[in-house]
Amino acid sequence: MNQTTVKAKNHAERAHASLSASGASRWLACPPSVRLSEQYEETTSVFAKEGTFMHELSELYLSYYLKQMTKTQFNKRLKQMKQNEFYNAEIEQAVQTYVDFATEKMNEAKATSKDPLILIEEKVDFSPWVPAAFGTGDIILIYGDRLEVIDLKGGKGVKVSAVENPQMRLYALGALNNFGVLYDTQKILMTVVQPRLDNISTDEMKVDELLEWAETIVKPKAELAFKGEGDFMAGEHCRFCKVKATCRARAEENLKLACMDFQKPPLLTDDEVVEVLTSIDQLMSWAKDVQEYALNMAMDENKQWPGMKLVEGRGSRKYSDENAVVDALTAAGYDGDVIYKKSLNTITTLEKELGKKKFQELLGSFITKAQGKVKLVPEEDKRPEIKASPEADFQ
Ligand code: SF4
């Protein structure tokens, strides 16, 4: 952990983009990461583009459901969206799962209160706690004594929990700031819907608790981040930091893990083995980030790393013209059995093509799951513990 001040240029202009709700878990843990990251340009991944498309598609369905457009307008727009490169049955199914959940919640709000506030893709302002910051809540519902924030997560890599999730809390805070005075809100509900991982996660807070968190945790950290001050702190949150490959604090933290101060005797104790096991993932992820960064710099910017050079990896053989191969083999008298192999599409491909519902309907009874490879993980892992084999027990 280093006490450091990073000089930032042009604070006011950049701050609103930097102190985002989606980056909050990072800047709350490591405030100076905001200014340090400014030297790197924003890049968009294909996953982010896919996520944006899912939000746009769900917004279309929900706008139509809320009668914010005519049927003709809806059909025209839907037809256009179906031409999008990211549209397929699996995405459609995932969006429908989210839309079903959202409309159910909207109906609940309407049934509970005479004058519910139902908003989609609403800009919320949490600048009283985070300088110049705002965000967009996918769905905000205010009814009775409740304020609900619902967020669609399109990813299928890492499960996102709503529990103690600062992004969700900041959206709720913004909604409370924008509309709270109009309603007698007491309870906050925050839900993440991640349909592609069958994940729906909700957290609940009282308004007082949320405001206390905002005043005592968010405000001071946001002020430090805005000024480029505070302590660098490496951890899980580094995964989404733009400087993760070259950050000194992260490197030092990982090198500390790699140079554990082991005691004698010559064999590691059980506790030392566990210490290594619990650090391996973080170490490997850091090493991979450094490797990728150095390779990209060498390839894209001709960067010369002292004592290193670029070489070509082992290539694999492939046909230059598949039709010519078939013609040559057929002309030589070989039949189809020799030339072609028949194979089924993978489960993932078929599920994507058919959509989850149709896939389950047609093929669900033919899917079995092989037992996963046994792994040793920390006790806190949510997966149930399995027992070692009786033979191992006996030994
Ligand atoms: S890599 Fe981690 S420690 Fe370094 S600035 Fe980013 S969040 Fe902070």
- [ ] Under the side chain to side chain donor-acceptor pair (under 3.5 Å) rule, what do Gln282 and Ser285 come out as? Steps first, then yes or no, please.
- [x] CA-CA 5 Å; Gln282 199 177 321; Ser285 138; over 6 Å; no
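- For the pair Lys288 and Trp286, the cation-pi test (distance below 6.0 Å, angle within 45°) is failed.
- The structure places NZ of Lys358 at 13.5 Å from CG of Leu350, a figure rounded to the nearest 0.5 Å.
- The only member of Arg196, Lys352, Lys356 that meets salt bridge (charged side-chain N to carboxylate O under 4.0 Å, His left out) when paired with Glu90 is Arg196.
- For the residue pair Thr348 / Glu351, no side-chain donor-acceptor distance below 3.5 Å is found, with atom types taken as modelled.
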TODO: Begin with the C-alpha distance, continue with both residues' side-chain angles, and end with the deciding distance and a verdict on side chain to side chain donor-acceptor pair (under 3.5 Å) for Asp145 and Gln186.
DONE: CA-CA 5 Å; Asp145 66 348; Gln186 305 290 329; over 6 Å; no
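- To the nearest 0.5 Å, the span separating CG on Asp203 from CZ on Arg169 amounts to 6.0 Å.
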Open item on the list: Apply side chain to side chain donor-acceptor pair (under 3.5 Å) to residues Tyr65 and Asn107 and explain how you reach the verdict.
Closed with: CA-CA 11 Å; Tyr65 172 79; Asn107 290 338; 2.4 Å; yes
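- Scanning all heavy atoms of the two residues, the minimum distance from Asn165 to Ser161 falls at ND2-O, 2.9 Å.
- Note that the CD1 atom of Ile91 and the OG atom of Ser58 stand 11.0 Å from one another [nearest 0.5 Å].
- Between atom CG of residue Asp381 and atom NZ of residue Lys375 there is a gap of 8.0 Å, rounded to the nearest 0.5 Å.
- Because its NZ or CZ atom is not both nearer than 6.0 Å to the ring centre of Tyr64 and within 45° of the ring axis, Arg77 does not count as a cation-pi partner of that residue.
- In the hydrophobic clustering of ILVMFWY residues, with side-chain heavy atoms under 4.5 Å counting as a link, Tyr87 and Tyr98 come out together.
- One distance of note links CD of Gln68 with CG of Leu60; it measures 11.0 Å at 0.5 Å rounding.
- Within 6.0 Å of the CG atom in Asp300, the count of heavy atoms belonging to other residues, nucleotides or ligands exceeds 12.
- Under the 3.5 Å distance criterion, with hydrogens and angles disregarded, a donor-acceptor pair is assigned to the side chains of Ser127 and Asp125.
- In this structure, the separation between CD1 on Ile118 and OH on Tyr143 is 9.5 Å, given to the nearest 0.5 Å.
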TODO: Take Tyr171 and Gln167 through the test side chain to side chain donor-acceptor pair (under 3.5 Å) and record every step on the way to the result.
DONE: CA-CA 6 Å; Tyr171 289 154; Gln167 181 185 14; 3.0 Å; yes
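- No donor-acceptor distance shorter than 3.5 angstrom exists from the side chain of Asp138 to the backbone of Glu121, with no hydrogens or angles considered.
- You'll find the side chain of Val207 stays beyond 4.5 Å of the side chain of Lys187, heavy atoms only.
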